[in-house]
Amino acid sequence: MKKTWMLDTNICSFIMREQPEAVLTRLEQAVLRGHRIVISAITWSEISLAAQAAAPATQQLAEAFAARLDAILPWDRLAVDATTEIKVALRMAGHAIAAGAVLVTNNT
């Protein structure tokens with residue numbers, strides 16, 4: 001079964017900062033199996049804001065990272081409605097639920 005993997009901001013930052021071989025290999029294997037790699041519009045907002053405050057090279061890295069994704073999912077009504085049942089702090093989980101995605105995060 002094809003899955004959608006939604007990367008949380010902390011995972012995206014880790015990938016861009018450290019370029020960990022094990023994580024990159026795992027994502028590559030997921031793509032080769034036909035799975036989608038996406039981020040939430042929330043994550044893109046957080047990455048974009050951080051990149052704007054950093055050096056131009058960081059901005060370019062963020063843009064290059066986003067270009068390799070299958071999608072940046074919109075924060076739409078379905079995502080908002082899915083979060084009404086959970087705490088606001090868990091809005092990424094709500095968005096992943098609404099998108100039918102597996103949330104990849106380092107949060108506990």
Side-chain angles (χ1 to χ4, degrees):
M1 177 206 283
K2 309 267 185 205
K3 293 182 181 178
T4 299
W5 298 88
M6 181 182 286
L7 307 180
D8 196 6
T9 307
N10 57 25
I11 296 297
C12 295
S13 296
F14 177 61
I15 290 169
M16 288 187 286
R17 185 180 60 251
E18 303 292 331
Q19 299 182 356
E21 187 174 330
V23 174
L24 295 174
T25 299
R26 182 102 188 251
L27 290 173
E28 182 180 4
Q29 290 170 349
V31 169
L32 291 173
R33 289 187 193 110
H35 302 305
R36 296 176 66 218
I37 308 297
V38 303
I39 62 172
S40 168
I42 296 167
T43 294
W44 180 242
S45 172
E46 293 171 348
I47 291 171
S48 294
L49 288 172
Q52 288 174 12
T58 303
Q59 294 171 10
Q60 293 170 347
L61 179 62
E63 288 292 337
F65 178 81
R68 297 194 66 181
L69 298 168
D70 290 307
I72 298 173
L73 300 183
W75 180 247
D76 57 12
R77 182 177 178 161
L78 184 62
V80 172
D81 290 348
T83 64
T84 60
E85 300 297 318
I86 57 177
K87 294 180 181 180
V88 173
L90 300 176
R91 66 183 186 256
M92 287 298 302
H95 197 176
I97 290 167
V102 175
L103 180 61
V104 180
T105 184
N106 196 31
N107 292 340
T108 54

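The model shown is predicted, which means the values in this text are computed figures rather than measured ones. In what follows, residues are counted from 1 in the order of the sequence shown.
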Quiz item: Above 12 or not: heavy atoms from other molecules or residues under 6.0 Å from CD of Gln29?
Solution: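 Yes, enclosed.
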Which atoms form the tightest heavy-atom contact between [X] and [Y], and what is the distance?
X	Y	result
Arg36	Ala71	NH2-CB, 3.4 Å
Pro74	Ala79	O-CB, 4.5 Å
Leu73	Ala99	CD1-CB, 3.5 Å

Practice problem: Measure the shortest side-chain to side-chain distance between Leu69 and Val38 over non-hydrogen atoms and say whether it is less than 4.5 angstrom. | Solution: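 The answer is no, as the side chains (C-beta and beyond) never meet within the 4.5 Å cut-off.
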Quiz item: With side chains defined as the heavy atoms from C-beta onward, is the minimum distance between Leu27 and Leu7 less than 4.5 Å?
Solution: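 With C-beta onward as the side chain, the pair touches.
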Nearest-0.5 Å distance that lies between atom [atom1] in [X] and atom [atom2] in [Y]:
X	Y	atom1	atom2	answer
Thr9	Ile39	OG1	CD1	7.5 Å
Met1	His35	CE	NE2	10.0 Å
Ile37	Glu28	CD1	CD	11.0 Å
Met6	Ile42	CE	CD1	8.0 Å

Quiz item: Partners of Trp75 by ring-ring contact (aromatic ring centres under 6.0 Å, His included), sequence neighbours excluded?
Solution: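 For Trp75, the residues satisfying ring-ring contact (aromatic ring centres under 6.0 Å, His included) (neighbours in sequence not counted) are His95.
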Quiz item: Side chain of Asn106, backbone of Asn10: donor and acceptor closer than 3.5 Å?
Solution: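 Looks like no, no N/O pair under 3.5 Å.
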Quiz item: For Leu49, which fellow cluster members are found when Ile, Leu, Val, Met, Phe, Trp and Tyr are connected by side-chain heavy-atom distances below 4.5 angstrom, either directly or through intermediates?
Solution: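 Joined to Leu49, directly or through intermediates: none.
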Quiz item: What about Ile47 and Trp5, same hydrophobic cluster or not, with Ile/Leu/Val/Met/Phe/Trp/Tyr joined at side-chain heavy-atom distances under 4.5 Å?
Solution: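 Yes, it is one cluster - the side chains of Ile47 and Trp5 are joined through contacts under 4.5 Å.
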Quiz item: Taking a hydrophobic cluster as the set of Ile, Leu, Val, Met, Phe, Trp and Tyr residues connected by side-chain heavy atoms closer than 4.5 Å, whether directly or through intermediates, do Met92 and Val102 fall within one such cluster?
Solution: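 Unlinked, Met92 and Val102 end up in two clusters.
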Exercise. Please identify each residue that fulfils salt bridge (Lys or Arg N to Asp or Glu O under 4.0 Å) with Arg77, with sequence neighbours left out.
Key: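 For Arg77 the salt bridge (Lys or Arg N to Asp or Glu O under 4.0 Å) partners, ignoring immediate neighbours, are Asp81.
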Quiz item: Among Ile11, Asp8, Ile72, whose side chain to side chain contact (heavy atoms under 4.5 Å, CB included) with Thr43 holds?
Solution: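 The side chain to side chain contact (heavy atoms under 4.5 Å, CB included) with Thr43 is passed solely by Asp8 among Ile11, Asp8, Ile72.
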